[in-house]
**Student:** 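One structure, pasted below without further comment.
Both ligands and their constituent atoms are indexed starting at 1 by order of listing. Quick note: numbers below take in every heavy atom, side chains included, and nothing from hydrogens, waters or symmetry partners. Residues take their numbers from the sequence shown, with the count starting at 1.
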Amino acid sequence: MAGQPRRNHETDRQLALPVGLVVVLAALVLAVAVQSVVRDEISAHDGQTAAILTFLVILGMTTAIRIRIRSTTQAIQWCDVAIIIGLAVAPPATVVVCTAVGVTTAYLIRRRAFIKSAFNVAKETVLAGAAWLLLHTLGWNAQSARTLREVLLPLLVAYCLLVVLDELVMLPVIALDTGTPLLDLLRANLGLRLVSAAARLLLIIVTLLIFRLDPRLLLVIPPLVLSLHLAYAGRLRSREERQAWQRLARTTDALNVVDPDLVLRTAVAQSAELFSADEVEVELFGAGRLIRGDTESITYDGPISGAPETADVVIPAALTRHDDHEAVGEVRLRFHGPVKLSEREHYTLRTFASALCTAIRNADAYAELDRVAQEQAHAATHDALTGLPNRRHLMDSGNEVLRRQHADGVVALLLIDLNHFKEINDTLGHAAGDRVLIQVADRLSSAVRDEDLVARLGGDEFAVLFRGLPAPAVAAHRAETLFTALHKPFDLDGMRISVEASGGIASAPNMGGMAELLRRADVAMYQAKRTGRRMTTYLPAQDTADLGRLVLGGDLPRAVADDEFTVTFQPIVELSTGEVMAAEALARWQHPVHGTMDPLRFIDAVERSGLLPAFTEAVLDQSLMAARSWREAGFDLPVAVNVSPRSLLDARFPGAVLARLRTHDLPPDGLILELTETLALSQLEVVDQVLNQLRDEGVRLALDDFGTGYSSLSMLSRIPVHELKIDREFVMAMENSAEAAAVIRSTVDLGRSLGLVVVAEGVESEPQRQALWELGCAAGQGHLFARPMAAGRLLGALQQGAEGRPGTLAPPLHEAGSVIRLSPSRRGGPRRQDRLPHLPA
Ligand code: C2E
Ligand code: CA
Ligand code: CA
């Protein structure tokens with residue numbers, strides 16, 4: 001029933017029945033009584049007694065102790081005392097009539113609502129009638145009773161009947177009227193009711209004793225009753241007062257919470273209980289909000305205009321504090337029937353309203369404080385311009401991620417630095433620069449995956465933390481997507497501005513946490529900027545923090561002079577047949593102190609030393625010499641030589657290459673030049689000239705490390721190469737990562753549609769070979785077939801062949817026991833160069 005207005009038609013209908021019943025019963029009783037009184041003629045003495053009796057009834061009714069329950073009042077009266085005493089001295093019919101008249105008079109004096117008055121008059125009349133009936137049944141008669149026992153006992157039984165009947169009639173009616181459970185009502189004030197009933201019992205006994213002594217002494221009864229009542233009511237009031245204050249204190253204590261919503265909900269429930277109101281509502285003027293409910297639940301919470309009207313009586317109190325006059329709102333007690341609060345209750349309500357006002361303000365202040373604190377925490381970890389997390393946030397959450405990285409997959413960091421951003425600031429102003437930064441932030445944020453974190457490190461520097469990568473190599477691929485998003489022109493007031501960026505990628509180190517990861521990504525980015533690449537992945541060998549590498553620089557002139565550079569060769573194999581189709585030349589430095597060194601440890605130093613042409617020449621010489629020797633032995637294999645981007649900046653490079661080819665008596669297509677994807681490659685005219693000249697002469701070009709660097713597609717449109725080499729990181733990741741496999745598949749598709757040979761690097765196992773072949777990749781290179789080795793050893797291996805087939809290094813791929821034969825269109829890389837596909841013009 002909670003939550004609905006209690007007084008509705010249903011309740012009224014339910015009430016009508018018992019009330020009507022009591023009234024009809026009372027009318028019957030009264031009719032019988034009046035008839036009896038009229039029949040037995042009344043003496044003057046009887047008339048006197050009746051008058052006194054009526055007076056006693058009125059007195060008993062008015063000196064009641066009243067307890068309000070919601071909008072209904074339960075009264076503990078002395079009326080039953082008057083009835084019992086009346087029965088002892090007058091004929092029962094007279095008592096009934098006097099009761100009816102007395103109660104009616106009392107209600108007329110107090111001017112109560114008609115229904116309630118009628119019900120109470122009827123109830124008391126019926127009670128008197130019941131006592132009469134009881135005594136009649138017991139055969140009791142006031143005149144015939146002699147001994148004290150004969151007088152007292154039946155009367156006391158009648159009294160008990162009155163008390164019990166009274167409760168039996170009243171409680172269900174109040175329960176119905178107020179919607180309070182019957183048991184709760186029975187328990188409420190039980191002590192008070194019992195004590196009062198006992199006091200009345202005592203009064204009856206004393207009165208009857210006195211009456212037997214001397215009826216005149218009865219005159220002392222009314223003052224006695226009155227003073228007893230006053231004393232008792234006084235005690236009761238102070239007890240009630242004490243309890244009321246305790247309840248108020250508990251209620252205001254409960255308001256002491258920091259959540260503004262909870263303050264309101266608590267206030268409603270607790271005050272409904274405290275004031276025994278049908279409903280309580282709190283209106284907040286500022287927010288235009290109204291929240292209403294009863295002891296059990298909230299029935300409305302919303303704008304003031306939307307609240308349904310359900311109460312007959314509303315008692316408001318302004319939500320102000322003692323020290324100021326501006327109300328923040330109003331609390332209102334709502335009743336479904338007429339009600340009058342006592343002075344004390346009004347005062348309690350004002351005090352409660354004041355406490356509620358304080359609680360609301362405190363909670364609001366706390367919420368504000370909380371909001372400011374959160375704002376500050378956000379400001380400390382975010383960049384004000386773009387709203388992105390800042391360096392501190394990146395470091396903190398990065399370290400958190402690194403701690404869990406083994407469970408979540410690989411973590412990598414991409415650093416992005418905008419190129420020539422200063423020029424935008426200088427020519428278009430800082431406001432324009434800011435707008436570009438905001439757009440960059442937006443593009444990065446919408447291009448990354450949910451699990452990635454984009455941060456602005458300051459200035460034109462951004463970072464993206466990739467998490468949950470299936471393999472480190474995938475980071476480069478994802479970074480590529482971001483760069484593509486960044487390179488679309490930006491719109492500034494209708495002006496289209498292109499922004500270029502450099503990037504450095506590092507995957508998470510085992511030690512050193514975020515600081516080390518950031519440092520590595522920074523090294524990679526520096527490397528990218530220096531070499532003109534768009535993006536570089538961190539390699540320990542290029543790390544300038546590696547001191548040993550710097551020392552090498554001084555050794556270089558001697559190395560060139562003493563021919564310390566040698567070349568090893570790694571075969572490139574047709575995946576399906578195992579036939580060797582080419583060999584890649586990989587430089588080695590036979591260092592007198594450090595031993596054999598891989599190129600990644602020294603290429604950088606060579607490039608910077610000014611000895612690059614001499615080094616390149618040495619490698620080229622040895623490579624062509626090797627190719628010549630294989631050709632003479634009957635293995636017509638082209639040799640693939642890695643070329644530094646810097647060599648391509650030298651317009652004399654093609655001439656030097658062609659001269660070497662002539663020296664070793666090799667056709668130009670006996671040489672493949674492996675190029676790494678670089679920014680310089682796509683942009684500088686001299687590079688175009690160098691590459692075109694080489695190509696026109698018949699030298700083959702291969703794009704190395706495909707998929708990891710500069711936007712590969714746009715490069716392909718500028719530099720017509722013959723071959724693509726898929727970076728070995730993708731091959732490594734392929735088995736566990738659908739993303740890596742997809743990169744391989746799209747590279748293969750691209751190669752096929754452009755008629756290019758696609759070579760997979762780093763093939764280390766048969767399953768990889770099989771998977772690559774299934775993805776459509778025709779050729780591969782890697783430890784599965786052979787490690788890099790000296791030219792002579794490679795010749796020996798070729799002559800021996802796999803399973804006795806010279807020129808092969810692996811048995812053919814088997815599927816269900818049969819040799820897989822490639823269809824001609826699928827055979828991207830035939831053994832002999834004259835079968836290499838021709839490029840579209
Ligand atoms: P690259 O061109 O990608 O060469 C392939 C690298 O992968 C070689 O490392 C090779 O030894 C290694 N490799 C081959 N098969 C496998 C395999 O199955 N598993 C693994 N884990 N690795 C394999 P290397 O010889 O250390 O060369 C490193 C890089 O140095 C080359 O990468 C190339 O970019 C550069 N480089 C090598 N020689 C020269 C040179 O003469 N001139 C220039 N400019 N760069 C060179
Ligand atoms: Ca290579
Ligand atoms: Ca490579």
**Student:** Side chain, backbone, both or neither: which applies to Arg728 and ligand 1 if a contact is any heavy-atom pair less than 4.0 Å apart?
**Tutor:**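 Just the side chain.
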**Student:** Give a yes or no on whether a salt bridge exists between Arg700 and Glu723, defined as a side-chain N under 4.0 angstrom from a carboxylate O.
**Tutor:**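 Glu723 and Arg700: not salt-bridged.
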**Student:** Compute whether any side-chain donor of one residue and acceptor of the other, for Asp563 and Gln590, lie under 3.5 angstrom apart.
**Tutor:**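 Side-chain D/A pair, Asp563 to Gln590: absent.
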**Student:** Give a yes/no on ligand 1: does Arg588 have at least one heavy atom closer than 4.0 angstrom to it?
**Tutor:**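 Arg588: in contact with ligand 1 (<4.0 Å).
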**Student:** Where on Val763 is there a heavy atom closer than 4.0 Å to ligand 1, on the side chain, on the backbone, on both, or on neither?
**Tutor:**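 Val763 to ligand 1: backbone contact only, side chain stays beyond 4.0 Å.
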**Student:** For Arg588, is there an ion pair with Asp598 - N to carboxylate O distance below 4.0 angstrom?
**Tutor:**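 Arg588 and Asp598: salt-bridged.
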**Student:** May I ask you to identify, for Val567, whether its side chain, its backbone, both or neither come under 4.0 Å of ligand 1 on a heavy-atom basis?
**Tutor:**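 Under 4.0 Å from ligand 1, Val567 contributes no heavy atoms.
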**Student:** Please classify the Pro788 to ligand 1 contact at 4.0 Å (heavy-atom distances, strictly less than): side chain, backbone, both or neither.
**Tutor:**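 Under 4.0 Å from ligand 1, Pro788 contributes side-chain atoms alone.
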**Student:** Relative to ligand 1, is Gln781 under 4.0 angstrom through side chain, backbone, both or neither, heavy atoms considered?
**Tutor:**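 None of Gln781 does.
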**Student:** At a non-hydrogen distance cut-off of under 4.0 Å, which region of Asp598 contacts ligand 1 (side chain, backbone, both, or neither)?
**Tutor:**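 The part of Asp598 near ligand 1 is the side chain, not the backbone.
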**Student:** Looking only at heavy atoms, is any part of Thr616 under 4.0 Å from ligand 1, and if so is it the side chain, the backbone, or both, or is it neither?
**Tutor:**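 No part of Thr616 is near ligand 1 at this cut-off.
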**Student:** How does Arg787 reach ligand 1, if at all, at less than 4.0 Å between non-hydrogen atoms: by side chain, backbone, both, or neither?
**Tutor:**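 Looking at Arg787 and ligand 1, no heavy atom falls under 4.0 Å.
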**Student:** Is it true that the side chains of Thr536 and Gln527 contain a donor and an acceptor less than 3.5 Å apart?
**Tutor:**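 The answer is no; no qualifying pair exists.
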**Student:** For the atoms OE1 of Glu674 and OD2 of Asp704, give the angle they form at the Ca ion (ligand 2), rounded to 10 degrees.
**Tutor:**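 An angle of 90° at the metal.
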**Student:** Once you restrict to heavy atoms under 4.0 Å, what part of Asn642 touches ligand 1? Side chain, backbone, both or neither.
**Tutor:**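 For Asn642, the contact with ligand 1 is made by both the backbone and the side chain.
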**Student:** Is Met732 near ligand 1, meaning one of its heavy atoms is under 4.0 Å from it?
**Tutor:**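 Met732 does not count as a contact of ligand 1 under the 4.0 Å cut-off.
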